[in-house]
Amino acid sequence: MSGDWSQTWTFLDGAWHEGNVPIMGVRTHAAWLGTSVFDGGRAFEGVTPDLDLHCARVNRSALAMGLKPVVSVERWLDLTAEGLQRFAPDAALYIRPMYWAEFPGARTVDADAESTRWCLSIYEAPMPEPGRGTSITLSPFRRPTVECAVTDAKAGALYPNNARALVECHRRGFDNAALCDMLGNVAELATANLFMVKDGVALTPAANGSFLAGITRTRTIGLMRQAGIEVVEASLRWDDFKAADELFTTGNYSKVSPITRVEDRALQPGPVFRRARELYWDFARG
Ligand code: PMP
């Protein structure tokens, strides 16, 4: 993507701004030392599934990053409703609430929580078509533990590690990369959570604090269980995924999407994936 941004509206300092509005200066703590958190929700077909949970999570992320979550979930939701008026009613949009530290704290590298700033950005982002599918490979990079990085926040600072995993896998001809945790169990993809299906049972890595156990993951697990599909959260190795009958992903951006190649093995979108996707869309459309 270049600087040719899709239609974007951002609420910052009490007003809506169009385009790629500047939010930081050269002395801003977050611009220098990475103290920012965000979340990503979506609007499409006039619905915003689980937006309240995404707003609640950005507030938890702020606390984990040592920031002050100064916007209530209700305020995030009201502002989003206001912002959505600026787009077509059925537009496919990404909704990004964000907090960051403006000033350093007493020791410079620490941030002054009292200087927390925030914005809410909403922009056009088409829903990916599930038709093409995704190819995945095992990344040589790993997810850090909470002792090594702020893995209990959805923080911008975690994403350069995911970015280098993506760059490395693209070089080898894959769309996305599976990262293991420090124990060698599969954690997640660089941009989404990962599910496998074996003998009709859906399995996904058990949340262990090293990866983002996503809102779409939790929602999809709940919907599948309600529909009578067995879902197991377990410690899983890459060999388990390579031998699966089906693979699919969950995440806010694409919701429920099929994986059509794992390493050199081609896969078809399977019946459990199809059911999970249908269940998600039924839920989203309310
Ligand atoms: N893992 C990573 C690294 C992600 O960026 C995302 C997308 N937010 C997810 C998982 C999925 O999380 P969620 O369903 O909450 O969007």
Side-chain angles (χ1 to χ4, degrees), residues 36-44 47-62 64-65 73 76 80 92-99 121 123 125 127-128 130 134 136 138-139 141-146 148-169 175-181 185-196 202 204-224 231 233 236 241 247-257 259 276-277 279-281 283-284:
S36 73
V37 297
F38 71 101
D39 218 287
R42 260 200 176 277
F44 56 94
V47 296
T48 54
D50 284 332
L51 184 61
D52 53 342
L53 301 184
H54 288 282
C55 295
R57 186 171 67 184
V58 78
N59 283 8
R60 291 197 304 277
S61 293
M65 183 55 89
V73 171
W76 284 126
T80 303
L93 305 170
Y94 189 71
I95 300 165
R96 165 148 62 89
M98 196 169 152
Y99 289 109
S121 194
Y123 44 91
M127 296 295 288
T134 296
I136 64 168
L138 181 65
S139 180
F141 301 115
R142 296 275 178 108
R143 290 291 302 183
T145 61
V146 75
C148 308
V150 194
T151 55
D152 48 351
K154 189 167 167 65
L158 295 173
Y159 280 82
N161 191 46
N162 300 27
R164 67 178 179 160
L166 286 169
V167 168
E168 193 279 333
C169 84
D175 299 317
N176 214 325
L179 284 86
C180 289
D181 63 22
N185 296 311
V186 173
E188 62 177 352
L189 294 185
T191 58
N193 292 119
L194 188 54
F195 283 74
M196 56 169 278
T204 194
N208 63 6
S210 77
F211 65 93
L212 191 73
I215 289 166
T216 322
R217 170 189 179 278
T218 304
R219 175 61 64 193
T220 306
I221 290 173
L223 292 169
M224 285 196 289
V231 186
E233 296 170 77
L236 299 165
F241 283 89
L247 295 177
F248 63 93
T249 68
T250 64
N252 168 67
Y253 199 83
S254 311
K255 303 307 180 189
V256 185
S257 275
I259 288 169
R277 186 173 163 92
L279 287 165
Y280 190 90
W281 251 261
F283 152 74

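Note that ligands are numbered from 1 as they come in the structure, with each ligand's atoms numbered from 1 the same way. Below, each value reflects all heavy atoms present in this structure, side chains not excepted, and no hydrogens, waters or symmetry copies.
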In ligand 1, the atoms that come under 4.0 Å of a heavy atom of Tyr159 are 2 (C), 3 (C), 4 (C), 5 (O)
Classify the ring geometry between Tyr99 and Trp76 as parallel (under 30°), tilted (30 to 60°) or perpendicular (over 60°). perpendicular
Within the structure, is a non-hydrogen atom of Arg219 found at a distance of less than 4.0 Å from ligand 1? no
Kindly say whether Ala178 contributes a backbone atom to a donor-acceptor pair with the side chain of Ser139 at under 3.5 angstrom? no
N/O separation below 3.5 Å, Arg143 to ligand 1: no
Taking the side chain from Thr151 and the backbone from Ser210, do they hold a donor-acceptor pair closer than 3.5 Å? no
Flag Asn252 as yes when one of its N or O atoms lies below 3.5 Å from any N or O atom of ligand 1, and as no otherwise. yes
When you measure from the side chain of Arg142 to the backbone of Asp181, do you find a donor-acceptor pair of N or O atoms at a distance under 3.5 Å? yes
Return the residue, atom name and 0.1 Å-rounded distance of the protein heavy atom closest to atom 6 (C) of ligand 1. Thr191 O, 3.4 Å
Does Phe211 have a heavy atom less than 4.0 Å from any atom of ligand 1? no
Quick one: do Asn193 and Thr216 satisfy side-chain hydrogen bond (donor to acceptor under 3.5 Å, both in side chains)? Show the steps, please. CA-CA 8 Å; Asn193 292 119; Thr216 322; over 6 Å; no
Does ligand 1 have any atom that is closer than 4.0 Å to a heavy atom of Gly40? no
Please check: side-chain N/O of Asn252 versus main-chain N/O of Gly40, any donor-acceptor pairing under 3.5 Å? yes
Any donor and acceptor pair, going by atom type alone, linking the side chain of Arg96 with main-chain N or O of Ser121 inside 3.5 Å? no
Show me which atoms of ligand 1 lie under 4.0 Å from any heavy atom of Asn162. 3 (C)
Flag this pair as yes if the NZ/CZ of Arg164 is under 6.0 angstrom from the six-membered ring centre of Phe141 and inside a 45 degree cone about the axis; otherwise no. yes
Heavy-atom distance to atom 14 (O) of ligand 1: which of Thr218, Asn193, Thr216 wins? Thr216
Between Lys154, Arg217, Glu188, flag the one that comes closest to atom 8 (N) of ligand 1 by a heavy atom. Lys154
Under 4.0 Å from a heavy atom of Gly214: which atoms of ligand 1 are those, numbered in the order shown and with their elements? 12 (O), 13 (P), 14 (O), 15 (O)
If we only count N/O pairs under 3.5 Å, is Thr250 in contact with ligand 1? no
Ligand-side contact atoms (ligand 1) for residue partner Gly251, heavy atom cut-off under 4.0 Å: 11 (C), 14 (O), 16 (O)
Would you say Thr218's side chain and Gly214's backbone share a donor-acceptor pair under 3.5 angstrom? yes
Is there a polar contact, in the sense of an N or O pair closer than 3.5 Å, between Leu189 and ligand 1? no
Ligand 1 to His54 polar contact by distance, N or O atoms, under 3.5 Å: no
Does ligand 1 have any atom that is closer than 4.0 Å to a heavy atom of Ala213? no
I need the minimum non-hydrogen distance between Pro205 and Leu236, along with the two atoms involved. N-CD1, 3.8 Å
